[in-house]
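Inspection log for the structure reproduced underneath, given as structure tokens.
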Amino acid sequence: MSEMSFDRMIQQMTPSIYESLKQAVSLRKWPDGRMLTAEQTELCLEAVMRYEVENRVPEEQRVGYLQRRTCGSASSGADVPPELAGLARDVGSD
């Protein structure tokens, strides 16, 4: 696919097409159940990411978003869920 037609496709993409591509990438299959090839997955993911940037989708709603965690003296640990609280314990004290 040429770069110009890919850009045009991103500009013409509707929110419903965006959601469909996002789901296809997530499930690695089309809505009809056919599996995406590696190339299709790559192109769909690129289209989804470009759509998100072009349409100013909030960062926390974008594909691949990871919430930033603070560490060190600035972090109180108050926002750490109980199931993750023991993951950073000092292994030297065991």
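For reference, positions follow the sequence shown, starting with 1.
Counting all heavy atoms, side chain and backbone alike, L21 lies closest to C44 at CD2-SG, 3.6 Å.
Between R50 and E46, at least one side-chain nitrogen of the basic residue sits less than 4.0 Å from a carboxylate oxygen of the acidic one, meeting the salt-bridge criterion.
Criterion: ILVMFWY side-chain heavy atoms under 4.5 Å apart, direct or through other members. Under it, I17 and L27 are not part of a common hydrophobic cluster. M35 and L45 are members of different hydrophobic clusters when ILVMFWY side chains are connected at heavy-atom separations under 4.5 Å.
Once rounded to the nearest 0.5 Å, the distance linking CE of M13 with OH of Y18 reads 9.5 Å. Taking OH of Y51 as the start and CD of Q12 as the end, the distance is 13.0 Å to the nearest 0.5 Å. Going from atom OG of S26 over to atom CG of L36 covers 11.0 Å, rounded to the nearest 0.5 Å.
M49 is not listed as a side-chain neighbour of V53, based on a closest heavy-atom distance of 4.5 Å or more.
Among residue pairs with one or both ends in residues 23-49, none qualify as ring pair (Phe, Tyr, Trp, His ring centres under 6.0 Å); sequence neighbours excluded.
Considering K29, Q23, R28, K22 in turn, R28 is the only one that fulfils the side-chain contact (heavy atoms from CB on, under 4.5 Å) rule with V25.
No more than 12 heavy atoms of other residues, nucleotides or ligands sit less than 6.0 Å from atom CD of E42. The number of heavy-atom neighbours closer than 6.0 Å to CD of E60, taken from other residues, nucleotides and ligands shown, is above 12.
The backbone N or O of T37 lies less than 3.5 Å from a partner atom in the side chain of Q40, making a donor-acceptor pair.
In this structure, the salt bridge (Lys or Arg N to Asp or Glu O under 4.0 Å) partners of R34, at least two apart in sequence or on a different chain, are D32.
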